[in-house]
**Student:** 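This is the structure I want to talk about, given as structure tokens.
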Amino acid sequence: MDSFEWVDATSVEHAVALLGSVSGPGGPIVAKAGGIDLVDLMKEGVVRPARVVNLRSIEGLDRIAFDEGRGLSIDALVTLAQIESSLEIQRRYRALAEAARHAATPQVRNAATIGGNLLQRPRCWYFRNELFHAAREEAGREQSQYGAIFDNAKTNMMHASTPATALLAYDASVHVVGKAGRSRTIALGDFLLPPDFDRNRDTTLGRDEVLTHISVPPLAASTRAAYHKQTERDSYDWPICDVAVVLTLADRKVAAARIVAGSVAPVPRRMTASEDILRGREIDEGVAAEAARVAVRGATPTEQNSYKVPILETVIRRTISAAMS
Ligand SMILES: Cc1cc2nc3c(=O)[nH]c(=O)nc-3n(C[C@H](O)[C@H](O)[C@H](O)COP(=O)(O)OP(=O)(O)OC[C@H]3O[C@@H](n4cnc5c(N)ncnc54)[C@H](O)[C@@H]3O)c2cc1C
């Protein structure tokens with residue numbers, strides 16, 4: 001790993017100023033939260049910063065707050081372990097607690113922050129290799145065993161965050177601060193960019209912006225939710241797919257539904273055809289199976305990853321049923 005300068009940011013404004021300063025000939029200036037993804041990329045030589053801005057030195061950016069009127073707010077430096085163990089999140093946003101609990105390993109979850117998790121780079125083996133990095137799109141086409149089965153004409157590469165699947169199902173937004181304290185609120189679905197959009201970034205975050213927190217709207221008392229991450233093996237693993245289901249009921253019928261699948265498309269994907277099937281109906285095994293069946297229509301798997309299609313269908317069916325249990 002090349003040498004670099006380390007600076008502890010003392011506030012969000014300080015971090016924004018440091019990130020926005022002109023990068024020297026030595027390379028770019030990058031932010032670091034838990035460092036799990038960034039240090040990996042630095043070790044691979046994929047990112048060669050001249051300066052690393054440590055965000056973890058910012059005090060008070062690691063809180064979870066809930067308000068009946070405003071909903072849930074999760075600061076960017078909150079770790080996945082904090083989300084997993086928050087009683088408020090377990091009780092009210094069950095699918096998110098489950099998504100955090102099933103991400104990575106306990107050691108990683110203790111260090112990894114939710115902000116860094118949403119901003120991590122794709123897990124494509126070729127992309128994360130210094131030798132192949134320059135050919136990002138080509139790499140994305142090659143790697144297909146675990147790759148996208150929807151919207152994959154240009155690339156098979158996918159966003160890596162599994163908590164994003166649950167956050168999108170809960171209709172979360174991210175909040176960022178840039179130069180002169182300018183803040184933006186972006187719906188998570190608009191924040192995440194497909195990997196073929198811009199080879200250097202996976203989100204709409206600007207180079208000198210800091211993600212400060214994530215907000216999730218309040219839920220009706222009748223909300224039911226579930227999350228499932230399907231892996232090849234039972235110990236920690238990246239998903240074949242993961243699914244979050246959030247249903248609002250009225251008189252036992254589905255009044256609103258958000259179903260999101262991760263690791264099946266370049267960005268977590270709303271399964272809107274399934275949502276349409278559920279709306280206005282009481283859910284039983286037959287309805288759940290019908291919604292799962294329509295979800296996989298239009299999938300465009302490759303020869304190597306067609307096995308993901310029936311798995312996704314099964315996981316959607318089971319997760320809808322789990323939400324109702
Ligand atoms: C063995 C293993 C298994 C894993 N399994 C999973 C899994 O199942 N699901 C999953 O989702 N992830 C998984 N991961 C990935 C891991 O969760 C992420 O690498 C981690 O969450 C990144 O968070 P971080 O705080 O360490 O980010 P960092 O590495 O510090 O930062 C990541 C990126 O975000 C930027 N950044 C971070 N915070 C901010 C901020 N507040 N504002 C602006 N920019 C910022 C950094 O500049 C960097 O580009 C796994 C990792 C390992 C090693």
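These numbers come from a predicted model, not from an experiment. Atoms within each ligand, like the ligands themselves, are counted from 1 in listed order.
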**Student:** I'd like to check which ligand 1 atoms, numbered from 1 as shown, lie under 4.0 Å from a non-hydrogen atom of Leu38.
**Tutor:** 29 (O)
**Student:** Of all the non-hydrogen atoms in the protein, which one sits nearest to atom 20 (C) of ligand 1, and at what distance?
**Tutor:** Ala112 CB, 3.5 Å
**Student:** Distance-only, no hydrogens or angles: does the Ser86 side chain make a donor-acceptor pair with backbone N or O of Ile83 under 3.5 Å?
**Tutor:**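 No; zero donor-acceptor contacts below 3.5 Å.
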**Student:** Which ligand 1 atoms, with their elements, are less than 4.0 angstrom from a heavy-atom of Gly34?
**Tutor:** 24 (P), 25 (O), 26 (O), 30 (O)
**Student:** Counting only N and O atoms by type, is there a donor-acceptor contact under 3.5 Å from the side chain of Arg70 to the main-chain atoms of Pro217?
**Tutor:** no
**Student:** With atoms numbered from 1 as shown, which atoms in ligand 1 lie under 4.0 angstrom from a non-hydrogen atom of Ala76?
**Tutor:** 41 (N)
**Student:** What protein heavy atom is closest to atom 52 (C) of ligand 1, reported as residue, atom name and distance in Å?
**Tutor:**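 For atom 52 (C) of ligand 1, the nearest protein heavy atom is Val108 CG2, 4.1 Å.
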**Student:** Can you sort out which atoms of ligand 1 are near Lys229, meaning under 4.0 Å from one of its heavy atoms?
**Tutor:** 7 (C), 8 (O)
**Student:** Is there a donor-acceptor pair under 3.5 Å between the side chain of Arg207 and the backbone N or O of Leu19?
**Tutor:**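 Yes, because the side chain of Arg207 sits within donor-acceptor range (under 3.5 Å) of the backbone of Leu19.
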**Student:** Just distances here: any N/O of Ile36 and N/O of ligand 1 closer than 3.5 Å?
**Tutor:**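 Yes, at least one N or O pair falls under 3.5 Å.
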**Student:** Please state which option from Gly116, Ala104, Ala15 has its nearest heavy atom closest to atom 22 (C) of ligand 1.
**Tutor:**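 The nearest heavy atom belongs to Gly116.
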**Student:** Below 3.5 Å, N or O to N or O, backbone or side chain included: is there any such pair between Lys32 and ligand 1?
**Tutor:** no
**Student:** What is the nearest protein non-hydrogen atom to atom 15 (C) of ligand 1, stated with its residue, atom name and distance?
**Tutor:**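 The closest one turns out to be Gln120 OE1, 3.3 Å.
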**Student:** Considering only heavy atoms of Ala160, which atoms of ligand 1 have at least one such atom less than 4.0 Å away?
**Tutor:**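 By the 4.0 Å cutoff, the relevant atoms are 10 (C), 11 (O).
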**Student:** Do Tyr146 and Asn305 get their side chains close enough for a donor-acceptor pair, meaning under 3.5 Å?
**Tutor:** no
**Student:** Write out the residue and atom name of the closest protein heavy atom to atom 34 (O) of ligand 1, then the distance separating them to 0.1 Å.
**Tutor:**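 Of every protein heavy atom, Leu119 CB, 3.2 Å lies nearest to atom 34 (O) of ligand 1.
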**Student:** Checking the N or O distance criterion of under 3.5 Å, is ligand 1 in contact with Ala111?
**Tutor:**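 The answer is no, given that Ala111 and ligand 1 share no N or O pair closer than 3.5 Å.
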**Student:** Can you tell me how far the CG atom of Asp40 sits from the CD atom of Gln120, to the nearest 0.5 Å?
**Tutor:** 10.0 Å
**Student:** Near Val210, which atoms of ligand 1 are under 4.0 Å from a heavy atom of that residue?
**Tutor:** 42 (N), 43 (C)
**Student:** Between Arg128 and Asp37, does the side chain to side chain contact (heavy atoms under 4.5 Å, CB included) criterion hold? Intermediate values first, please.
**Tutor:** CA-CA 10 Å; Arg128 301 181 83 89; Asp37 195 46; 2.4 Å; yes
**Student:** Which residue and non-hydrogen atom of the protein lie closest to atom 51 (C) of ligand 1, and at what distance in Å?
**Tutor:**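 Its nearest protein heavy-atom neighbour is Trp238 CZ2, 3.9 Å.
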**Student:** Can you list the ligand 1 atoms lying under 4.0 Å from a non-hydrogen atom of Leu55?
**Tutor:** 38 (N), 39 (C), 40 (C), 41 (N), 42 (N)
**Student:** I want to check something: taking the side chain as every heavy atom from C-beta on, are Arg48 and Phe4 in contact at a cut-off of under 4.5 Å?
**Tutor:** no
**Student:** Let me confirm one number: the CD-CD1 distance from Glu232 to Ile240, rounded to the nearest 0.5 Å.
**Tutor:** 5.0 Å
**Student:** Contact between ligand 1 and Arg121 is defined here as a heavy atom of the residue under 4.0 Å from a ligand atom; is it met?
**Tutor:**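 The answer is no, since Arg121 has no heavy atom less than 4.0 Å from ligand 1.
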**Student:** Do Ser321 and Glu285 get their side chains close enough for a donor-acceptor pair, meaning under 3.5 Å?
**Tutor:**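 Looking only at side-chain atoms, Glu285 and Ser321 do form a donor-acceptor pair, the distance falling under 3.5 Å.
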**Student:** Report the C-alpha separation of Trp6 and Lys32 in whole Å, then their side-chain angles, then the decisive distance to 0.1 Å, and conclude whether the side chain to side chain contact (heavy atoms under 4.5 Å, CB included) test is met.
**Tutor:** CA-CA 10 Å; Trp6 174 278; Lys32 183 208 71 75; 3.3 Å; yes
**Student:** Under a 3.5 Å cutoff, is there a donor and acceptor pairing between the side chains of Asn152 and Thr300?
**Tutor:**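 Asn152 vs Thr300: donor-acceptor pair found between side chains.
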**Student:** Under 4.0 Å from a heavy atom of Leu205: which atoms of ligand 1 are those, numbered in the order shown and with their elements?
**Tutor:**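 Answer for ligand 1: 43 (C), 44 (N).
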